[in-house]
Amino acid sequence: MNREATGESDYLLEVEDLKVHFPVRSGVFARARNWCKAVDGISIRIRSGETYGLVGESGCGKSTLGKAICKLLKPTSGKIRFDGFDLTSASRKEMQPYRRDIQFIFQDPAESLNSRFSVREIFEEPFVIHKMGDSAERSRKVNALLDKVGLPRSSADRFPFEFSGGQRQRIGIARAIALEPKLIVCDEPVSALDVSVQSQILNLLMDIQSEMGLSYMFIAHDLAVVRVISDRIGVMYLGNIVEEASATELFTNPLHEYTKALISAIPIPDPTFQGERVLLRGDVPSPIDPPPGCAFARRSPIEVSEEVASQPSEYIQASEGHWVEVHPATVRNYDEPKAHPRPTVNPLAEPPEAPNPKLGGL
Amino acid sequence: MDTLLEVDGLSVGFDTDDGRVEAVDRVGFSVARGETVGIVGESGCGKSVTALSIMRLLPQPMGKVLGGRILFKGRDLLEASAEEMHSIRGNEIGMVFQEPMTALNPVQRIGNQLSECFLLHYLGITKKEAWNRSIEALKRVGIPSPEIRVSEYPHQLSGGMRQRVVIAIALACDPDLLICDEPTTALDVTVQAQILDLIKSLQAELGMSVIMITHDMGVIAEICDSMVVMYACRVAERGPIKTLFANPKHRYTRGLLDSIPVLDSPHKQKLNTIDGTVPGLSEMPVGARFAARSTHCDVSSYLNSKEYQTVRPNLIEIEPGHWVEDCEVVRV
């Protein structure tokens with residue numbers, strides 16, 4: 001992390017040890033009695049033009065992380081650096097130019113589009129807020145956006161309820177790309193859609209990326225979908241990233257038992273397929289007052305004693321770019337990752353980085 | 001095999017302000033004893049309405065069965081009286097709904113909701129016995145510490161546990177047929193896997209038949225013996241799943257299978273899609289409904305022909321048990 005001093009970075013987005021804790025209030029004075037640790041010390045980095053997939057079960061904190069990155073939620077601690085600028089301490093005013101660069105696509109387009117606005121008004125609003133262009137130029141932009149997302153130009157004066165789910169998601173995407181952002185956080189953009197529409201939207205997102213060169217943070221619970229679109233994938237469990245690798249590496253060589261369970265749980269659309277399933281015990285523990293030590297140990301198919309389970313896990317780099325949280329309960333052949341010490345620096349590949357297990361600098 | 005349920009030419013209409021729309025158009029399929037049949041299709045294709053008509057639970061007064069028969073153990077359910085339906089529902093046919101939170105009563109203890117089935121269908125059973133049977137029923141669906149859970153409320157359980165409770169209620173009286181309407185859509189993949197395994201093992205144990213309604217081809221492949229592909233209120237294709245997955249004849253089935261991202265699909269490459277959208281319920285053509293979305297070069301003349309507006313396609317059997325709309329059999 002020596003490049004930090006010079007203020008330069010290869011990364012568009014750097015999130016360092018981010019924590020988002022929500023107070024759990026109770027009692028007469030609504031005092032915070034406890035804290036719900038939705039995001040508990042996450043570090044990720046996204047290069048420009050890259051798609052970072054984030055998967056995990058509901059309640060693991062993936063949407064909270066997405067919202068915190070856009071500063072729709074105030075982080076409790078940690079750092080978010082975007083394009084070299086520290087967003088964490090930025091005031092509303094200082095945030096303004098960066099609001100253009102980071103956009104959000106929501107899961108349910110029916111709820112995220114204002115039903116009293118026509119498509120034209122929805123598309124023009126960002127330009128009005130950021131005081132860009134005159135009305136003639138805006139209307140040109142509206143047409144260009146409609147063309148880009150494959151909607152007929154005649155739809156500009158219609159209202160969101162007149163469209164089907166897939167078309168509404170296209171409107172949501174067009175609104176997000178209107179200001180030519182550098183990063184779009186997509187929070188489950190296709191999970192509310194039918195399969196045949198889902199593939200249309202995924203193709204559209206990939207087309208837009210190759211055309212505009214922007215980065216995505218793609219949050220989803222469907223691993224097959226995440227795999228198609230992502231370059232790198234992080235697997236989240238109870239507020240932490242437990243494994244991170246390139247899309248191909250993660251699927252061919254998953255190390256963490258949780259990742260294996262997630263992959264094996266996907267129903268394969270092939271009746272002749274005979275796969276073995278890694279079954280987890282029980283449910284995700286509550287992020288309020290999580291069990292001590294390794295959060296996953298008590299659900300892992302590798303049964304360990306309570307004493308071992310309460311030992312903390314360690315986040316290490318198992319091979320180039322493949323990070324995993326190791327613990328006797330999370331990785332089979334526990335000693336194996338240690339047998340491959342941190343890779344020696346290849347001067348031609350990645351710039352040298354001090355892999356700090358606690359930081360999880362990637 | 002012994003046929004348990006036979007749906008034959010079922011048509012269902014809904015009366016709306018703009019006149020009557022047909023939500024299910026001459027749908028037919030059969031379910032053998034011990035068999036799992038999947039009904040797959042996009043939202044709005046009529047799969048849930050088909051299930052509701054089997055249970056005679058169509059929203060009233062808008063929903064009307066316009067024609068057809070639903071033979072359950074040889075008896076036509078559409079002609080059964082309200083009392084007869086009461087004894088069939090829950091007792092001989094159980095149903096699992098998509099969203100467990102809306103299917104359960106939030107202000108009733110789980111034990112009370114389960115006991116209700118026993119008290120309704122078994123004459124002379126005491127409340128105490130019904131309560132004990134509820135604990136048994138919870139144990140059967142793999143809920144840990146059922147003695148404690150039985151006196152809890154739905155909000156105290158996780159989504160997966162709630163769906164287990166709904167399944168326990170549906171299975172309380174050992175039905176011959178279980179209808180699952182998107183039972184796992186609202187759940188996480190890991191929980192979905194648990195629930196599918198549960199349905200599979202209970203089916204093997206109890207020997208019941210299952211109708212699985214879903215839009216997920218993966219779920220179908222995992223637990224079904226045969227499937228019915230519905231498109232725009234009609235059956236497009238039906239048959240044993242191995243045949244349909246290996247050799248789909250309808251262009252819609254093909255498109256559906258091709259557009260699913262699978263784990264070994266090439267990374268960052270475009271997916272196949274089915275272009276266009278399903279026609280609206282009030283503007284359904286009589287002819288081949290998928291033709292407008294088909295990319296075949298010969299369809300444009302068909303779309304302009306009179307045939308498209310007047311001649312409805314028939315299902316033909318192209319190999320034993322494999323039925324497909326005649327207009328869509330890929331002619332190469």
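By convention in this document, chain letters (A, B, ...) are assigned in the order of the sequence lines, proteins followed by strands, and residues within each chain are numbered from 1. These numbers come from a predicted model, not from an experiment.
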Work out which heavy atom in B:Phe245 is nearest to a heavy atom in A:Pro271; give both atom names and the distance. CG-CD, 3.4 Å

From B:Gln194 CD over to A:Leu280 CG, what is the distance, rounded to the nearest 0.5 angstrom? 7.0 Å

Could you tell me which portion of A:Arg277 (side chain, backbone, both or neither) has an atom closer than 4.5 angstrom to a non-hydrogen atom of chain B? side chain

Evaluate whether atom NZ of B:Lys200 has more than 12 neighbouring non-hydrogen atoms of other residues, nucleotides or ligands under 6.0 angstrom away. yes

Under a 4.5 Å heavy-atom cutoff, which of B:Gly160, B:Ala221, B:Ala246 has the most pairs with chain A? B:Ala221

Looking at B:Val191, B:Asp197, B:Leu196, which has the largest count of heavy-atom pairs under 4.5 Å with chain A? B:Asp197

Between atom CE of B:Met217 and atom CD1 of A:Ile268, what is the distance when rounded to the nearest 0.5 Å? 14.5 Å

Heavy atoms from other residues, nucleotides or ligands near CD of B:Glu319 exceed 12 (cutoff 6.0 Å): yes

Are there more than 12 heavy atoms of other residues, nucleotides or ligands under 6.0 Å from atom CD of B:Glu205? yes

Correct closest heavy-atom pair for A:Ala224 and B:Pro261 would be CB-O, 3.4 Å

For the OG1 atom of B:Thr273 and the CG atom of A:Leu204, what is their distance to the nearest 0.5 Å? 11.0 Å

Polar side-chain atom of B:Glu42 near backbone of A:Ser196 as donor-acceptor pair, under 3.5 Å: no

Sole residue of B:Asp258, B:Leu271, B:Ile260, B:Leu256 in side chain to side chain contact (heavy atoms under 4.5 Å, CB included) with A:Ser199: B:Leu271

Give me the atom names and distance for the closest heavy-atom approach of A:Met206 to B:Gln269. CE-O, 3.6 Å

Side chain, backbone, both or neither: which part of A:Thr252 has a non-hydrogen atom closer than 4.5 Å to chain B? neither

Please flag which part of A:Asn203 lies under 4.5 Å from any non-hydrogen atom of chain B: side chain, backbone, both or neither. both

Atom pair NE2 (A:His221) and CG (B:Asp188), whose distance is rounded to the nearest 0.5 Å: 6.5 Å

Please determine, among A:Leu223, A:Thr248, A:Leu202, A:Asp231, the option with the most heavy-atom pairs under 4.5 Å with chain B. A:Asp231

Using heavy-atom distances under 4.5 Å, tell me whether A:Ser164 contacts chain B through its side chain, its backbone, both, or neither. side chain

Interchain contact, A:Gln167 with chain B, by part (heavy-atom threshold 4.5 Å): neither

Over all atoms of both residues, closest heavy-atom pair of B:Glu222 and A:Pro267: OE1-CA, 3.7 Å

What distance separates A:Arg299 CZ from B:Thr190 OG1, expressed to the nearest 0.5 Å? 5.5 Å

In terms of heavy-atom contacts, B:Ser259 and A:Val195 come closest through OG-O, 4.2 Å

Counting heavy-atom pairs under 4.5 angstrom with chain B, the leader among A:Leu193, A:Asp207, A:Val197 is A:Asp207

